[in-house]
Each structure stands twice: as C-alpha cells, then as structure tokens.
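Heads up, the thing below is written out as structure tokens.
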Number of protein chains: 2
Amino acid sequence: MNIYDIAKEAGVSPATVSRVINGNKNVREETRRKVLEVIKENNYAPSSVARNLSIGESQNIAFIVPDVENPFFSKVLQGITDKASEFNYNVFMFGTKEDSEREHRILESLKAELIKGLIIIPVSEIDKETAFRLKNFEKAGIPVVLLDRDIKGSSFDGVFSEDIQGAFEAVECLINEGHRKIAIISGPDTSRPGHDRVEGYKMALTSHQIPINEDYIVNGKFLEEESYNAIKTLMELEDPPTAVFSSNNMTTLGCLRYLKENGMKLVEDISLVGFDDIKELEYTDINLTVVARPVYEMGKEVMELLERRFRYKQEGDKQKVVTRRNYVKTWLIKRGSEKYKKFQEGNINE
Amino acid sequence: MNIYDIAKEAGVSPATVSRVINGNKNVREETRRKVLEVIKENNYAPSSVARNLSIGESQNIAFIVPDVENPFFSKVLQGITDKASEFNYNVFMFGTKEDSEREHRILESLKAELIKGLIIIPVSEIDKETAFRLKNFEKAGIPVVLLDRDIKGSSFDGVFSEDIQGAFEAVECLINEGHRKIAIISGPDTSRPGHDRVEGYKMALTSHQIPINEDYIVNGKFLEEESYNAIKTLMELEDPPTAVFSSNNMTTLGCLRYLKENGMKLVEDISLVGFDDIKELEYTDINLTVVARPVYEMGKEVMELLERRFRYKQEGDKQKVVTRRNYVKTWLIKRGSEKYKKFQEGNINE
DNA sequence: CACTCGTTTGTAACCGCTTTCATATTATGA
DNA sequence: TCATAATATGAAAGCGGTTACAAACGAGTG
C-alpha cells in the first residue's frame, strides 16, 4: 500500500495525497476529507524512508556515548529524548565503550545514514580522527553538539558543566573541615572532565596555601576497577591522605568497595567527597557528600542547541551562527562524608 | 556524491559500482580495484536510505521500553546492542514511560519506519490495542519479540524469567529463617512479572502451610513512590509483617527510603528480600538478599530470537516457525537481609 | 575460424515519496 | 457576462540506490 494506491482509491493524483499528508493548504476541503478517509480506511502510513530520500533529510538524531550503563548517560538520554520528542525527532544511541576505534567505526557507518544531527560524548578530546570526522559532518550540513566532554581546538556547540568550580568547592569543603592531606582520584586527562576536576582540586589547595603532593593524585580512569586500585595505592602510602576527592561516580563506587572490603568507615577512617550523585546511596548509611549536576537538564539543553542549529539552517544561515558553549553550574550536596574525625573529637584548633 | 558520480569517475556503470559495494562476485578484479579506489578517494559512503528504499528493508531494530532510567533496561539494552552489532543492526530505543497511550503512538509512528524487527517490553499484557498493533507488524513481515513482560493470548517469541520460581525461593528463604508474617509489595498485575511474583509468593506460603493474609499484599506498582507508601501501609498495620518481599528494584528503593526515614534497620527491625539486584548497594551496609537475573544475557538472547526470525524469513519460511519462549533461571543471592532477628537471639524453636 | 558458453558489464525500470511546472478550475470584479 | 487572478490538481522528473535483462566480451572447442 503506497501513495499511488491511496491516490487511485481516492480518485486523485499522488501529488494531491502528498499534499494532504504534508498539510499543504492548497487542497480543497472536500478532497482533503476524501483522501484522509481513504488513508484511515487502509491504515496507511507513508514510508518515511521514501520521504527522507526524496527530501534529502531525516528526523533522526544520533547520540554517541562512551558507556551505556553509566547512570549519568541514561539520565542524560532521558533529557535528550524527552526534548527530541517535542520536535518529533528520533534518537538512536551508540555505545563506544570508551574505545576510540569503535567511535571511528560508528562515525564511519553514520556517514551513510542521513541523520539530521549528532550529539556526542567523545572518548578523547585529542583524538584527531574523531575531530576530523566530526568536522566533516558539519561540512556536510549535519550539526554536531558536544556533551560533557570537549574536543580540543574545535568550535562545536556544546553543553558542559563547571567542573573546575565544582571540584574546587568539593575540595574546599574538605579543607574547611580541617583536612590538609587531601587526595584526588582523577580521570583520563584526555577528557575535559578528567583534567578540569584535577585543576579545580589543585586550585582549591593552592588558594588555601596547601602544597600539592603529587602522590595524592592517582588516576582511576573513571572506571570502578581502576579506582579501586587507586584508593588502595593511596591508603598504602606511608602518609595516607585523610580525605579523598573521588572525581567521578564510577570512581566513587570503586572507593566504596575498597572501604567496605577493608572494613573502613566513612568519616571514621576516611573522608570522601564524590563527583556526580549516586541516587541509590540515598537509601543507605553512606551519606556521601557529592558535587551534583543537572544531568537531565543537560540532556534537554544539548537537544535545544541542536534544534537551534536546525532552525538557523532553515532560515538560510543568515550570518554565521555563533558557537554556543553552555556551562551548567554544579552544586555541592553536603551529607556528612566530608567531616573530619579529628576535628569532631573536639580538636577544633588543630 | 552518489553512485553515478563514482561510476563516471571510475569509467563504469552505476550497476557495477553497486556490485562492488555489495560484494557481488561477477566483477573483474581490475574493475573492482579501480572502483574501490575511486570510492576511497572520494570518501564516498552509499546512502543507506536509498538502499533501504530500493531493497525494501533496513537494518534497524526498534526497542520499546517502559522506563529508560531503570538500570534493568540499560543493562538489557547493553546486551541487545552488543548482539545487534554482531549483525550490523542498529537499535533505536523508545521510552513509553509506562504509558499505554504513548506506547500506541510510538507503534503508530513505527509503521512508517521500515524496521527490520521489534523488541518490546509492553506496558500492559492486556492492552488490546498494543496487541493488535504488534500483530499487524508480524503480518507485515516484521518479527516481534517480547522481553520480560508478556502479551496475553499472543504467540510472539519472547525472553522471560522464571519469576514464579524466583519469588518462591525468595519467600521460602524467609520462611526458612523462621518468618511467618511475610508481606509482599507487588507490581501491576497487568504485567507478567507483576502477578507471577505474587503467585510465587503465595505458592511458597501455601506449600509451608502458612495462610495467606490479604493485608500483607500491597501494590507498589513497581514505582519507588508507590512502594514507599506500600511499606508504610504495611508497617502501620496493627500486626505488621516481620519480613517483606519487595518484588522489584524500584520497589526496593522505596522500601529502603522508608526504612531510612524511620530509622529502621534491616534484620534488626524488618527483614527484606528484593527482586533484581541493585549493584550500588553492594558497597554499602545494606546487605540485601535478592533474586537475581542474567539481565545482560536476556538482552543478548532476545536479539538472538529476533535474528532467528530473520533467518527463517530469508530461508523462505519453510514451515511455520515454532514460537520460542525462553525462560531464564533466577538465582538467590543471600546477603543476610533475610535473617530473622528473633531467631538470631536464640529462640530457635519458635 | 566459427561457435558455444560463461563471465563482465551496461541499460533502464523500479522502490515510494516530493515538488516543479503546467493546466484546469473556480472566484472576483468590472 | 467575460477577463483576470487565485486556487486546486496532475504529469513527470528526481532523490540514490538495486537488479532483471540484454549485450558484449573472452576463452575453449572442434
């Protein structure tokens, strides 16, 4: 059942059926009614593939994420799809598993796909090939928007968070509690969140005249297993830190596992502040202080930036649209895990 | 840049280019090389939209889930996409938010989409419209596979879990600990997991000669908020249960929130067994006993069932392919939350 | 060398929709 | 009532591939 069949049955031409479907006003009311009736009777839905081919455009948006399982991404996806459905866009998601190779392959296969736009959390901010491929999409008229992570030297739109400030507050909050030996479990410094959170960490220390101890900076790669090893390393130092800033949610889980396995208690044995909230912990004894972000809203915003590009393209790209990079604010949720045991015990003046 | 451009530049016909792209053997080696060279030079990728239109088929699979945020679904998605990528299928995901209306709209819009197959966790097992629409997909040659939830009276393939048995074991484990006053926070009984888990619960009680107390069966609709209210109701009974079987992961979170807010401790004040593991709890003091399922594998399996349908279709549907309904086994992970305080205190013989 | 036969290649129709352009129809005003 | 403008409709080409069919080519054979 195609548009010709409908046309025949309604006694009109396919062009007219097409007009009815697309809400063209130049159709007699009576004709329109007849056509709609036939469409309904036959339970007909026009092939979007044929339509896409014909108009050279689709309503499909690709979303490329490094890790499908991380709750950050599912939450952000929620925001994206909610916003997307307002505009009747479909979102396909692809997982790179933090593997640049896979990312390239996905981008390669996307070249064939006639997508309307592309949202990506790139694996690495310095990967030349990804940067190149993304640029090609833009050249081909397919807008690209970055999420959370950046691409060095690029001028794509993007939605990020104020990670430096967030990390700064996290660490400062530990300092205010009296901590001086504060470690960070960092992430890949080929990613903006990775190095920015370290930067915020260092800034906080420096601005409080605390010297930076390189032994207290251990890379957990934003992975649970690595982070487990990272905190282990920290705790086995001769002079272990009294507090740890865990710069990612997976990292935090790794830390918690280490603590549990070694019978260590938050505050009691170690203070901890995390980055990105972990909903499930709310219901447990782990009252974790974290830097939180408006994750869902970031998803909506990234979709809005994309939509803005579409609009400008349609309006004829009057002038070059200026790049927009939105930085959302983070906030600290204090739940107690930042507290310093020594201080609690009355030793207020250190 | 299309197939004609490539053809011209390579000095061959578009048909030949098409043959090269699709690996047709009837192409002289020299010609093939030349064409591939031109393709590479021009960084050309054939439009999959045009291809799909032409061959009347795509590599796209739709996956419809009720709740994008539930970790069960992200895990299962992982399994689906991992398997799908083996066959070079793309997966689009749609969220119904447990709303049948939305589900219908999604299915409606999918009619236009030329998809290869459909995986769905339907909102309700008794929704006539969804059932009807799904049947239409099958009639149109688009295989449908169910996941986790069922459609009453349908004969779609599906991957489910042995929920009755799982619930049975959960409750029996409580009974073995000495509990007699065991409640269940149930789910929507318009879904297979919803009523099956209740059934397993009842079976366990009955088989141990424990009478079923309807006051102890409260519906939490598999939602956190509702489940919070459900356990509240239970705890406010004159004769509250000593143990609760929480039949879903969101339900469990609702319970945990109630306990925390009311300063109640697991085992100490109440025993709890959940359905579906919650990874994050592993790192906390909440040593929750749960019924676990091979969630990731369920995702892979559902994709395999779909692929099987594709294969049979290609092989000409020799005979009617028999419906396959796979039930995966659950297992109990005992972590201690099933323990019965009274018994621990030495009161072994009740 | 003529004749088959199998391999390569090209032509053109088709997939189902959109859209331009020309034509038919209707409404408007003198 | 008729010229003219505005509106409604249809024919056909095009989007970028695939593929049936026919034609060209080259090798092997008598």
Side-chain angles (χ1 to χ4, degrees), chain A residues 1-36 38-39 42-60 88 109-116 140-142 314, chain B residues 1-36 38-39 42-60 88 109-116 140-142 314:
Chain A
M1 173 101 337
N2 60 28
I3 204 171
Y4 287 87
D5 300 324
I6 299 296
K8 196 176 299 173
E9 200 170 323
V12 300
S13 76
T16 298
V17 176
S18 176
R19 290 194 185 94
V20 170
I21 290 169
N22 295 292
N24 186 310
K25 52 261 132 219
N26 289 338
V27 179
R28 198 150 38 105
E29 195 46 39
E30 192 191 327
T31 314
R32 175 186 315 280
R33 243 196 298 276
K34 177 63 185 163
V35 169
L36 286 176
V38 175
I39 288 179
N42 289 283
N43 192 27
Y44 163 77
S47 155
S48 78
V49 172
R51 171 162 221 277
N52 291 346
L53 176 60
S54 184
I55 66 178
E57 185 181 318
S58 83
Q59 299 293 92
N60 296 335
N88 279 310
S109 77
L110 245 33
K111 283 199 321 193
E113 282 301 339
L114 188 54
I115 52 177
K116 192 182 179 77
I142 298 169
Q314 216 178 15
Chain B
M1 173 100 338
N2 60 28
I3 204 170
Y4 289 88
D5 300 324
I6 298 294
K8 195 174 300 173
E9 201 170 321
V12 300
S13 75
T16 297
V17 177
S18 177
R19 289 193 187 96
V20 171
I21 290 170
N22 294 292
N24 187 312
K25 49 264 133 219
N26 289 338
V27 180
R28 201 152 36 104
E29 195 46 38
E30 192 191 324
T31 314
R32 176 188 312 281
R33 243 197 297 277
K34 176 64 186 164
V35 169
L36 286 176
V38 175
I39 287 179
N42 289 282
N43 193 25
Y44 163 77
S47 155
S48 78
V49 173
R51 170 164 220 277
N52 291 347
L53 175 60
S54 185
I55 67 178
E57 184 180 320
S58 83
Q59 298 293 91
N60 297 334
N88 279 311
S109 76
L110 245 34
K111 284 200 319 194
E113 283 301 340
L114 187 53
I115 52 177
K116 192 181 181 76
I142 299 169
Q314 217 176 14

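All chains are named by letter (A, B, ...) in the order of the sequence lines, taking the proteins before the strands, and each is independently numbered beginning at 1.
- Between atom CD1 of residue Ile142(A) and atom CG of residue Leu110(A) there is a gap of 8.0 Å, rounded to the nearest 0.5 Å.
- Taking CD1 from Ile39(A) and CD1 from Ile3(A), the interatomic distance works out to 8.0 Å, rounded to the nearest 0.5 Å.
- Contact record, Met1(A) with Ile6(A): SD-CD1, 3.7 Å, taken as the closest heavy-atom pair.
- A residue-by-residue look at Thr16(B) and Arg28(A) shows that Thr16(B) has its nearest nucleotide of DNA chain C further toward the 5' end.
- For the pair Asn2(A) (side chain) and Asp5(A) (backbone), a donor-acceptor distance under 3.5 Å is present.
- First and last contacting nucleotides of DNA chain D toward chain B (any atom under 4.0 angstrom from a heavy atom, 5' to 3' order): dG16(D) to dA20(D).
- Taking CD of Gln59(A) as the reference point, atom CG of Leu114(A) lies at 10.0 Å (rounded to 0.5 Å).
- Atoms OG and CG, on Ser48(B) and Asn52(A) in that order, are 9.5 Å from each other to the nearest 0.5 Å.
- To the nearest 0.5 Å, the span separating NZ on Lys34(B) from CD on Glu9(B) amounts to 7.0 Å.
- Nucleic acid contact class of Ser18(A) (heavy atoms, under 4.0 Å, all strands): base.
- Rounded to an integer number of Å, the gap from NZ of Lys8(B) to P of dG10(C) is 14 Å.
- When the shell of 6.0 Å around CD of Glu29(B) is examined, it contains more than 12 heavy atoms from other residues, nucleotides or ligands.
- To the nearest 0.5 angstrom, Arg32(B) atom CZ is 9.5 Å from Asn26(B) atom CG.
- dT9(C) atom P lies 13 Å from atom CZ of Arg33(B), rounded to whole Å.
- The minimum heavy-atom distance between Ser13(B) and Ala7(B), with the atom names listed, is C-CB, 3.6 Å.
- A straight line from NZ of Lys25(B) to C1' of dG6(C) spans 15 Å, rounded to a whole angstrom.
- When rounded to the nearest whole Å, the span between OH of Tyr4(B) and C1' of dG10(C) equals 11 Å.
- As rounded to whole Å, 18 Å separates atom C1' of dT8(C) from atom NZ of Lys34(B).
- Residue contacts shown for Val12(A) are limited to sugar-phosphate atoms, with no base heavy atom under 4.0 Å away.
- Residue contacts shown for Asn26(B) include a base, since a base heavy atom lies under 4.0 Å away.
- Comparing Ala50(B) and Val27(B) by the nucleotide of DNA chain C whose heavy atom lies nearest to each, the residue mapping closer to the 5' end is Val27(B).
- If you check every strand for non-hydrogen atoms under 4.0 Å, Leu53(B) touches a base.
- Put simply, CD1 on Ile55(A) is 11 Å from C1' on dT19(C), counting in whole angstrom units.
- Taking atom CG of Asn2(B) as the reference point, atom P of dC15(C) lies 20 Å away to the nearest angstrom.
- For the pair Arg19(B) CZ and dT7(C) P, the computed distance is 14 Å after rounding to whole Å.
- In this structure, Thr31(B) reaches the sugar-phosphate backbone alone: every heavy-atom distance under 4.0 Å involves primed, P, OP1 or OP2 atoms, never a base.
- Using five terminal pairs a side, the axes of the helix from dC1(C)-dG30(D) to dA30(C)-dT1(D) at its two ends make an angle of 50°, given in steps of 10 degrees.
- Among the atoms of the strands shown, none is found under 4.0 Å from any heavy atom of Asn52(A).
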